[in-house]
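Residue numbers start at 1 and run along the sequence shown.
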Amino acid sequence: MYGAPVDFSFKSLRCLADACSVEPSTGLRPLNRNSQRKYLSRSLRLNNNQISDLVGLERTISHFLAEPSQLAWLDLSFNNITIIDPVLCDLCELRVLYLHGNSIFLLSEVGMLGVLPHLHTITLHGNVIESNKAYRNHVISVLPHLKRMDFSAVTPQERVLAQIWHHGNNQSKRSQDTPP
């Protein structure tokens, strides 16, 4: 039932609404449509554009996909995105999220994606947050179902170490918040 990704990569899109005025690229696998001319796909590529925010993401997904609630793979890599927008948390079936090569600068925003029960793969390298020493530990500790991060497997040992780091980090924050 589900076909090839709907591909808007390298389309010079400045905002998500711009996607409605261009045709997706065709790949080796044909893009199949339903009777309403919506694509039978669970994957959307919006990478390598100039998108700076996710305003209209739900509208864009609904415009193109026959079953927007079934979106499983979203590629937003190599854009100008600076924040992890809460709209991503509404994509309940999302399994793969590519955000590498953007300008995301708040590591704390990654935690909101922990509500996505099926998210197992994420890319965040090439963002400002990558320079934080706790980057990998933090991401692994706040995304419990993660299997791959930045195209590398999350090992059982890394998960244990990230949980230890997270627990220790929370303890030190609590002791700083407690008055003497």
Side-chain angles (χ1 to χ4, degrees), residues 1-130 135 139 142-143 145-146 148-151:
M1 174 178 167
Y2 296 108
V6 180
D7 189 357
F8 290 99
S9 55
F10 299 98
K11 296 287 187 179
S12 300
L13 305 177
R14 295 201 176 277
C15 66
L16 291 170
D18 291 348
C20 296
S21 62
V22 296
E23 284 294 313
S25 300
T26 54
L28 297 175
R29 293 177 17 203
L31 284 169
N32 297 319
R33 295 184 186 222
N34 67 7
S35 59
Q36 287 85 38
R37 307 284 301 145
K38 294 195 178 202
Y39 295 102
L40 301 172
S41 178
R42 295 185 69 190
S43 306
L44 183 60
R45 289 182 181 157
L46 293 160
N47 56 298
N48 292 280
N49 287 293
Q50 292 100 38
I51 298 166
S52 58
D53 61 51
L54 300 183
V55 171
L57 179 64
E58 290 171 322
R59 194 173 338 112
T60 302
I61 294 168
S62 294
H63 179 80
F64 290 107
L65 301 186
E67 293 186 49
S69 65
Q70 296 301 306
L71 181 67
W73 178 36
L74 180 59
D75 187 348
L76 292 164
S77 62
F78 298 108
N79 277 290
N80 299 320
I81 298 167
T82 58
I83 65 164
I84 296 177
D85 195 299
V87 72
L88 294 170
C89 298
D90 296 333
L91 305 174
C92 297
E93 292 298 317
L94 197 62
R95 285 153 168 71
V96 178
L97 178 60
Y98 289 173
L99 289 169
H100 58 280
N102 279 287
S103 300
I104 298 167
F105 61 93
L106 287 176
L107 186 57
S108 59
E109 291 178 344
V110 176
M112 76 174 74
L113 299 173
V115 301
L116 298 171
H118 306 291
L119 184 65
H120 61 72
T121 301
I122 193 165
T123 61
L124 291 161
H125 60 281
N127 283 284
V128 178
I129 60 174
E130 186 181 27
Y135 165 68
V139 174
V142 298
L143 299 179
H145 306 293
L146 211 56
R148 297 188 63 77
M149 178 182 163
D150 295 340
F151 301 114

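Side-chain contact between Met112 and Ile84: present, with at least one pair of heavy atoms (C-beta onward) separated by less than 4.5 Å. The side-chain heavy atoms of Leu74 and Leu99, taken from C-beta on, include no pair separated by under 4.5 Å. Contact of the Leu119 side chain with the Leu97 side chain is registered, since non-hydrogen atoms from C-beta on lie closer than 4.5 Å. Side-chain contact between Leu106 and Ile83: absent, with no pair of heavy atoms (C-beta onward) separated by less than 4.5 Å. Looking at heavy atoms from C-beta onward, Ile104 lies out of side-chain contact with Val128 at the 4.5 angstrom threshold. Between Glu58 and Pro68, every side-chain heavy-atom pair lies at or beyond the 4.5 Å cut-off. The shortest distance between side-chain heavy atoms of Ser41 and Leu65 falls below 4.5 Å. Residues Val139 and Ile129 form no side-chain contact, since every pair of their non-hydrogen atoms from C-beta on lies 4.5 Å or further apart.
Residues satisfying the side chain to side chain contact (heavy atoms under 4.5 Å, CB included) test with Glu93, not counting sequence neighbours, are Arg42, Gln70, Arg95, His118. Legend: residues meeting salt bridge (charged side-chain N to carboxylate O under 4.0 Å, His left out) with Asp7, ordered by chain and number and at least two apart, are Arg45. Judged as a side chain to side chain contact (heavy atoms under 4.5 Å, CB included), and not counting sequence neighbours, the contacts of Thr121 are Val96, Tyr98, Arg148. With sequence neighbours excluded, the residues forming a side-chain hydrogen bond (donor to acceptor under 3.5 Å, both in side chains) with Asp150 are His125, Tyr135, listed by chain and number. When the side chain to side chain contact (heavy atoms under 4.5 Å, CB included) test is applied to Arg59, no partner is found at least two apart in sequence or on another chain. Under the side-chain hydrogen bond (donor to acceptor under 3.5 Å, both in side chains) criterion, His100 pairs with Thr123, sequence neighbours left out.
Here the OG atom belonging to Ser12 is positioned 6.5 Å from the CG atom belonging to Asn49, to the nearest 0.5 angstrom. To the nearest 0.5 Å, atoms CG (Leu71) and CG (Leu94) are separated by 6.0 Å. Summarising the geometry, atom OG belonging to Ser9 is positioned 6.5 Å from atom CG belonging to Asn48; distances are rounded to the nearest 0.5 Å. Separation of atoms CG (Leu13) and CD (Gln50) is listed at 8.0 Å; rounding is to 0.5 Å.
Put simply, the side chain of Asn127 gets close to the backbone of Ser103: a donor and an acceptor are under 3.5 Å apart. Side chain of Lys38 to main chain of Ser62: a donor-acceptor pair is present (N/O by atom type, distance under 3.5 Å, no hydrogens or angles).
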Item checked: Trace of the side-chain contact (heavy atoms from CB on, under 4.5 Å) decision for Leu16 with Val55 -> CA-CA 7 Å; Leu16 291 170; Val55 171; over 6 Å; no

Note to self: Please determine whether side-chain contact (heavy atoms from CB on, under 4.5 Å) holds for the pair Leu113 and Leu88, giving the CA-CA distance in whole Å, both sets of side-chain angles, and the decisive distance to 0.1 Å.
What the structure shows: CA-CA 7 Å; Leu113 299 173; Leu88 294 170; 3.9 Å; yes

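Among residues at least two apart or in separate chains, ring pair (Phe, Tyr, Trp, His ring centres under 6.0 Å) pairs with a member in residues 5-45 are Phe8-Phe64. Applying the salt bridge (Lys or Arg N to Asp or Glu O under 4.0 Å) test to residues at least two apart or on different chains, none of the pairs has a partner in residues 98-111. Among residues at least two apart or in separate chains, salt bridge (Lys or Arg N to Asp or Glu O under 4.0 Å) pairs with a member in residues 20-30 are Glu23-Arg33. Listed by first and then second residue, the side chain to side chain donor-acceptor pair (under 3.5 Å) pairs that reach into residues 71-90 are Asp75-Ser77, sequence neighbours excluded.
When all heavy atoms of Leu40 and Ala66 are compared, the closest pair comes out as CD2-CB, 3.6 Å. Pro24 approaches Val6 most closely through the heavy-atom pair CB-CG1, 3.9 Å. Here the closest non-hydrogen pair linking Val115 and Cys89 is CG2-CB, 3.7 Å. The two residues Thr60 and Ala19 come nearest to each other via the heavy atoms CG2-CB, 4.4 Å.
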